[in-house]
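These notes are about the structure you will find just below.
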Amino acid sequence: MIISTLAAMTAGFVLNLFFGTPKILKADRYIIKLCEKLAPWISEKYQESVNGQHTAGVVYITLLLLILLVPLLIITILLYIFVPALAIIFDAIICWSVFDVKSLTEYAKAVARSVKSHNLIRACKNTQRLCGTDCSELDEGEMVKAAVEGISDRTVDRAAAPLLCMFILSGVGGVFFKAVDTAANLEYGDEEAALSFADPIRSLQNGLCLLPGKLTSMIMLVDALFLKLNTRSAERIYKRDKKKCIRTCFGGCRAVMAGLLGISLLPEEIYSEQLVRTLTIGEQLKEPEPSDIGTANSVMLGTTFIIMALCFMVKLTIGVWF
């Protein structure tokens, strides 16, 4: 069964890498619809207090995962027991639905072309798809920084983390991570109670990304050696700035990417009562250029391939010996 799940995971990865994932197959499309119905229904059943909504958030993510994973796990196990060939196909489709590497590459190329042609409207649209944040007030140089930052982050949560979850539970593991990540990225409001409701799912998201983030930053340095980039600068910036990020699971990868390109990324502000602290990763050794986005994309693809190769070799070894 280990070899079968390896085949399914590999097939899903290759299909996405070369053909992308069709809209009808994208897992997050259905997860979002489920979340939009489930979140308000659960939230209104608990008190509007901070503690009440925190409890509601725990119930929400638990119920969401049960609804998604239990039927999928039962179907997958039964297929592997009774119809192994069909199980591999089914599992591969599930893995395919979770991967999102091809679209990241397309968005990155679109941002680089738009910035180069000074089409900030189109650049903003595609940069927001990479970053998930509003980029409407950024200039061209800041747009490049935002795109590099987005590519760095997505290497963790769209490639490394799903791959590691699939390494453990194949397609079911991929859906598990995708459900947590998609639900955590939805807007639940800015009120204190709404933030408390979202806190359990976002804490779980950060926990799931922590190990993949550290692994990815190390593998980025390995990939940079093949690309003949400035790994000395990347190592120095990594050691100095890896904790200068609101989401610490992304800090290491952002620091490596900034060091490789010789740029500083967009500052982040942390508000603590009346104190405002600004965090900035990297050093501005040169002006950001559209070519930096292409380099960052190459690092992302190479890092993803190395992680996939490592998962393949380890899982194949386990399958052969056990």
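It should be emphasised that the depicted structure is a prediction, and the values quoted were computed from it without experimental measurement.
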Inset, instruction - Mind checking side-chain hydrogen bond (donor to acceptor under 3.5 Å, both in side chains) for Q284 and listing every partner two or more places apart, or none if nothing turns up? - result: K145, S264
Inset, instruction - Apply side-chain hydrogen bond (donor to acceptor under 3.5 Å, both in side chains) to T76 and list each qualifying residue two or more places apart in sequence or on a separate chain. - result: none
Legend entry - Sequence-distant partners of T5, side-chain hydrogen bond (donor to acceptor under 3.5 Å, both in side chains), two or more places apart: K315
Legend entry - Partner set under side chain to side chain contact (heavy atoms under 4.5 Å, CB included) for A39, not counting sequence neighbours: Y60, Y188, F197
Legend entry - Set of side-chain hydrogen bond (donor to acceptor under 3.5 Å, both in side chains) partners for E140, sequence neighbours left out: H118
Side chains of residues 82-96: which donor-acceptor pairs under 3.5 Å do they make with residues two or more places apart or in other chains?
{"unit_1": "D91", "atom_1": "OD1", "unit_2": "S170", "atom_2": "OG", "d": "3.1"}
{"unit_1": "D91", "atom_1": "OD1", "unit_2": "G171", "atom_2": "N", "d": "3.0"}
{"unit_1": "D91", "atom_1": "OD2", "unit_2": "Y80", "atom_2": "OH", "d": "2.8"}
{"unit_1": "D91", "atom_1": "OD2", "unit_2": "S170", "atom_2": "OG", "d": "2.6"}
{"unit_1": "W96", "atom_1": "NE1", "unit_2": "G20", "atom_2": "O", "d": "2.8"}

Legend entry - Exercise: identify the closest heavy-atom pair between G282 and D241: N-OD2, 2.9 Å
Inset, instruction - Could you list the residues that satisfy salt bridge (charged side-chain N to carboxylate O under 4.0 Å, His left out) with D292, not counting sequence neighbours? - result: K286
Legend entry - For the student: nearest non-hydrogen atoms of C131 and A147, plus distance: SG-N, 4.3 Å
Legend entry - Results of side chain to side chain contact (heavy atoms under 4.5 Å, CB included) for F312 - residues two or more places apart only: L6, T10, L316
Legend entry - D190, CG atom: more than 12 neighbouring heavy atoms under 6.0 Å: no
Inset, instruction - Show your reasoning for whether side chain to side chain donor-acceptor pair (under 3.5 Å) applies to D157 and Q205. - result: CA-CA 9 Å; D157 61 18; Q205 179 196 37; 5.4 Å; no
Legend entry - For Y107, ring pair (Phe, Tyr, Trp, His ring centres under 6.0 Å) partners two or more places apart: none
Legend entry - I81: side chain to side chain contact (heavy atoms under 4.5 Å, CB included) partners, not counting sequence neighbours: I77
Under 3.5 Å, sequence neighbours excluded: what are the donor-acceptor pairs made by side chains of residues 251-259?
{"unit_1": "R254", "atom_1": "NE", "unit_2": "D153", "atom_2": "OD1", "d": "2.9"}
{"unit_1": "R254", "atom_1": "NE", "unit_2": "D153", "atom_2": "OD2", "d": "3.4"}
{"unit_1": "R254", "atom_1": "NH1", "unit_2": "E268", "atom_2": "OE2", "d": "3.4"}
{"unit_1": "R254", "atom_1": "NH2", "unit_2": "D153", "atom_2": "OD2", "d": "2.7"}

For residues 22-35, run the donor-acceptor check on the side chains, cut-off 3.5 Å, and write out each pair with its distance to 0.1 Å, sequence neighbours left out.
{"unit_1": "R29", "atom_1": "NH1", "unit_2": "K23", "atom_2": "O", "d": "3.4"}
{"unit_1": "Y30", "atom_1": "OH", "unit_2": "I24", "atom_2": "O", "d": "2.5"}

Legend entry - Inter-residue atom distance I263.CD1 - E287.CD, 0.5 Å rounding: 10.0 Å
